[in-house]
**Q** 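Got a structure for you, written out below as structure tokens; questions coming shortly.
Just so you know, ligand 1 is whichever comes first in the structure, and atom 1 is the first atom listed for that ligand. This one's a predicted model, so the numbers in the text were calculated from it and none came from an experiment.
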Amino acid sequence: MAATATERKLLIGGEWVETGEWLEVRSPYSGEVVGRVAKAGADEAKAAIDAAEKAMAEPLPAHKRAEILVKVVAGIARRHDEIARQISAEAGKPLKAAKVETSRAMSTYTFSAVEARKLAGEVVPMDAAQAGEGKLAFTLRAPIGVVGAISPFNFPLNLVAHKIAASLAAGCAVVLKPASQTPLSALTLAELEHEAGLPPGWLNVVCGPASEIGDVLVVDERVRAITFTGSADVGWGLRERAAKKKVLLELGNATPVVVHEDADLDEAATKLAANSFSFAGQSCISVQRIYVQQQVYDEFVSRFVPGVEGLVVGDPADEDTDVGPVIDDDARKRILSWIEEARAGGAEVLTGGSLEGDLIQPTVIANAAADLKVCREEVFGPVVVVNSYESLDEAIELANGTRYGLQAGIFTADIRAALHAAQNLEFGGVTVNEAPTFRADQMPYGGVKDSGNTREGPAYAVRELTEERVVVIDL
Ligand code: NAP
């Protein structure tokens, strides 16, 4: 273990717990051990649910929840640089992207605090129907109950924040299982919530084997909601097994963007070069498929490819790096094999396509057939396809042609084309003259089709994590 490596225990019922077994956390760039965390199993997961249930027996008033959330914002601000470096070390995320993620987590906590203070029901207009005459009715918003939260490796701080800050805002205690590759940032947030005065049991963090801990969360009836961010197959599998729970899914995408004939090509090329490759394409909304109107195709490519070639590939800890490693060797092999499949299928690699040291070069593929994996599935790596189209409707059909539907985008100067695309792209979000990788944390964010069934962003997550109870009074 490196001299600077971090060691962290689990948080269960307000206590920092050791189990005698440890999970090593390795840098995806150097392979060096950057930390270790106590390893939980089914027993710790059950103890965490016990603690969460006990905590919820004494509800925390909204003002206290909001005060804790605000204190965490200050805590993140105080340790901003250290936290960004930790994200970079455990996830291999370029430091400049890790800094943005750290600031975004502050935003997520801030908006969650606002939601905690705003949480309220509404008055029902009872005399609008004859049956309601002489009655007064209003709704209360009750916390749904204990929340099981499962998070992915690629935003190890801010996606954890979206789950645990929104749960606290809603008045729910949480059992969190962070990704095994990146548990350190989650435990830092737990430390900050603990220091901010969160009473025991409201947040419990268990790191360990996914299926063992996942099974406990699925089977235990006291866990009333599971909020999951990760890959589609795991997510939909959980939902199938947890029929009686609310299972909120934030899943993958094969993000498309349309560059129409009247687009500002310089703007499109610059934004798309950066957003196809930040964090080596390992964002659920990293641009993967670019459809360019054929009259401007060559012109776009002549601007886009040099932009991609100008990206700095290297050590994620270096402030100048744009593109670092992918998460592990399995991911690297899979991505390279998909590039090979595209080559063998007649597509042309315009730049990249192989390794630079251990890192996959930012790769641009042209004329890829729609049935290739790089067009159909989520690459989750530094690979983008640039294909041409004739009509806008054809581009929309191509964009819609995968099982995913998280975010899509269009670059155009024509408001009618933009609105036509917004109405016909089957996605949870559509960006206009912005890369579809854009997300602000207060937005409703989530997908349709295989990409999920919910919206995150504190206001929307709190709605999902509370239940309406109607109170009817006879006057
Ligand atoms: P993943 O392999 O599905 O893992 C996500 C989480 O699920 C991890 O904590 C993992 O634990 C856990 N897990 C795996 N198998 C499980 C099981 N059988 N039962 C319960 N939990 C289980 O995804 P990933 O590779 O970390 O993340 C990449 C994926 O997340 C991509 O598809 C990406 O698009 C998606 N994503 C979506 C969004 C969004 O907001 N829509 C945001 C970010 C990422 P272990 O780490 O211990 O295996």
**Q** Atom 40 (O) of ligand 1: which of Tyr445, Phe155, Tyr404 has the nearest heavy atom?
**A**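 The residue whose heavy atom sits nearest atom 40 (O) of ligand 1 is Tyr445.
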**Q** Any ion pair linking Glu467 and Lys246 (charged N to carboxylate O, less than 4.0 Å)?
**A** no
**Q** Any salt bridge linking Glu115 with Lys118? Criterion: basic side-chain nitrogen under 4.0 Å from a carboxylate oxygen.
**A**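 Salt bridge flag = yes for Lys118 with Glu115.
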**Q** Among all protein heavy atoms in this structure, tell me which lies nearest to atom 36 (N) of ligand 1, with the distance rounded to 0.1 Å.
**A**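 The answer is Cys284 CB, 3.6 Å.
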**Q** Identify the protein heavy atom lying closest to atom 23 (O) of ligand 1, giving its residue, its atom name and the separation to 0.1 Å.
**A** Ser231 N, 3.5 Å
**Q** Nearest heavy-atom pair of Gln288 and Lys373: which atoms, and what distance?
**A**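 Heavy atoms of Gln288 and Lys373 come nearest at NE2-O, 4.4 Å.
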**Q** Looking at Glu44, Glu18, Glu21, which hits salt bridge (Lys or Arg N to Asp or Glu O under 4.0 Å) with Lys9?
**A**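 Testing Lys9 for a salt bridge (Lys or Arg N to Asp or Glu O under 4.0 Å) against Glu44, Glu18, Glu21 leaves exactly one candidate, Glu18.
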**Q** Return a yes/no value for Leu238: is any of its N or O atoms, backbone included, closer than 3.5 angstrom to an N or O of ligand 1?
**A** no
**Q** Identify, by atom number and element, the atoms of ligand 1 in contact range of Gly252, meaning under 4.0 Å from any of its heavy atoms.
**A** 32 (O), 34 (O)
**Q** Can we say Asp330 and Arg334 salt-bridge, meaning some charged N sits less than 4.0 Å from an Asp/Glu carboxylate O?
**A** no
**Q** Compare all side-chain heavy atoms of Asn400 with those of Leu425 and state whether any distance is below 4.5 angstrom.
**A**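 Contact flag for Asn400/Leu425 side chains = yes.
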**Q** Please compare Gly230, Pro183, Gly148, Gly237 and report which has the shortest non-hydrogen distance to atom 30 (O) of ligand 1.
**A** Gly230
**Q** With a cut-off of 4.0 Å, which atoms of ligand 1 are near a heavy atom of Phe380?
**A**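 Those atoms are 28 (C), 31 (C), 33 (C), 34 (O).
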**Q** Please check if a non-hydrogen protein atom sits closer than 4.0 Å to atom 3 (O) of ligand 1.
**A** yes
**Q** What protein heavy atom sits nearest atom 12 (C) of ligand 1, and how far away is it?
**A** Ile150 CG2, 3.6 Å
**Q** How far is atom 32 (O) of ligand 1 from the closest protein heavy atom, and which atom is that?
**A**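 Answer for atom 32 (O) of ligand 1: Glu378 OE1, 2.6 Å.
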**Q** Given Val234, Leu217, Asn253, identify the one with the heavy atom nearest to atom 17 (C) of ligand 1.
**A** Val234
**Q** Using a strict threshold of under 4.0 Å (side-chain N to carboxylate O), is an ion pair present between Glu7 and Arg36?
**A**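 Answer for the salt bridge query: yes.
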**Q** To the nearest 0.5 Å, tell me how far Ser180 OG sits from Phe153 CZ.
**A**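 Between Ser180 OG and Phe153 CZ, I get 12.5 Å after rounding to 0.5 Å.
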**Q** So, are Arg403 and Asp233 salt-bridged, with charged N and O less than 4.0 Å apart?
**A**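 Asp233 and Arg403: salt-bridged.
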**Q** Could you give the distance from OG1 (Thr454) to CG (Leu465), rounded to the nearest 0.5 Å?
**A** 8.0 Å
**Q** Where is the tightest heavy-atom contact between Val259 and Leu272, given as atom of each residue plus distance?
**A**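 Smallest interatomic distance, heavy atoms only, reads CG2-CD1, 3.9 Å.
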**Q** Report, in ascending order of atom number, the atoms of ligand 1 lying under 4.0 Å from any heavy atom of Leu159.
**A**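 By the 4.0 Å cutoff, the relevant atoms are 42 (C), 43 (C).
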**Q** Numbering the atoms of ligand 1 from 1, which are under 4.0 Å from a heavy atom of Ser180?
**A** 45 (P), 46 (O), 47 (O)
**Q** Of all the non-hydrogen atoms in the protein, which one sits nearest to atom 22 (C) of ligand 1, and at what distance?
**A** Ala210 CB, 3.4 Å
**Q** Should we count CG of Asp358 as having more than 12 external heavy atoms under 6.0 Å?
**A**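 Check fails, neighbour count at 12 or below.
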**Q** For atom 11 (O) of ligand 1, find the nearest protein heavy atom and state the residue, atom name and distance (0.1 Å precision).
**A**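 For this ligand atom, the closest protein heavy atom is Lys177 NZ, 3.0 Å.
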**Q** Heavy-atom contacts with Phe228 under 4.0 Å: which atoms of ligand 1 show up? List them by number with element.
**A** 3 (O), 6 (C), 7 (O)
**Q** Against heavy atoms of Asn154, which atoms of ligand 1 measure under 4.0 Å?
**A**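 Atoms satisfying the 4.0 Å criterion: 43 (C), 44 (C).
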**Q** Return the residue, atom name and 0.1 Å-rounded distance of the protein heavy atom closest to atom 9 (O) of ligand 1.
**A** Ser151 O, 2.7 Å
**Q** Could you list the atoms of ligand 1 found under 4.0 angstrom from a heavy atom of Leu406?
**A** 41 (N)
**Q** Consider ligand 1: state whether an atom of it lies below 4.0 angstrom from any non-hydrogen atom of Gly452.
**A** no
**Q** Using only atom types and a distance under 3.5 Å, with no angle test, would you say the side chain of Asn158 pairs donor to acceptor with the backbone of Glu101?
**A**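 No, because the side chain of Asn158 does not come within donor-acceptor range (under 3.5 Å) of the backbone of Glu101.
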**Q** Considering only protein heavy atoms, which is closest to atom 24 (P) of ligand 1, and at what distance to one decimal place?
**A** Phe153 CD2, 3.7 Å
**Q** Under a 4.0 angstrom heavy-atom cut-off, which atoms of ligand 1 come close to Pro178?
**A**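 What qualifies from ligand 1 is 9 (O).
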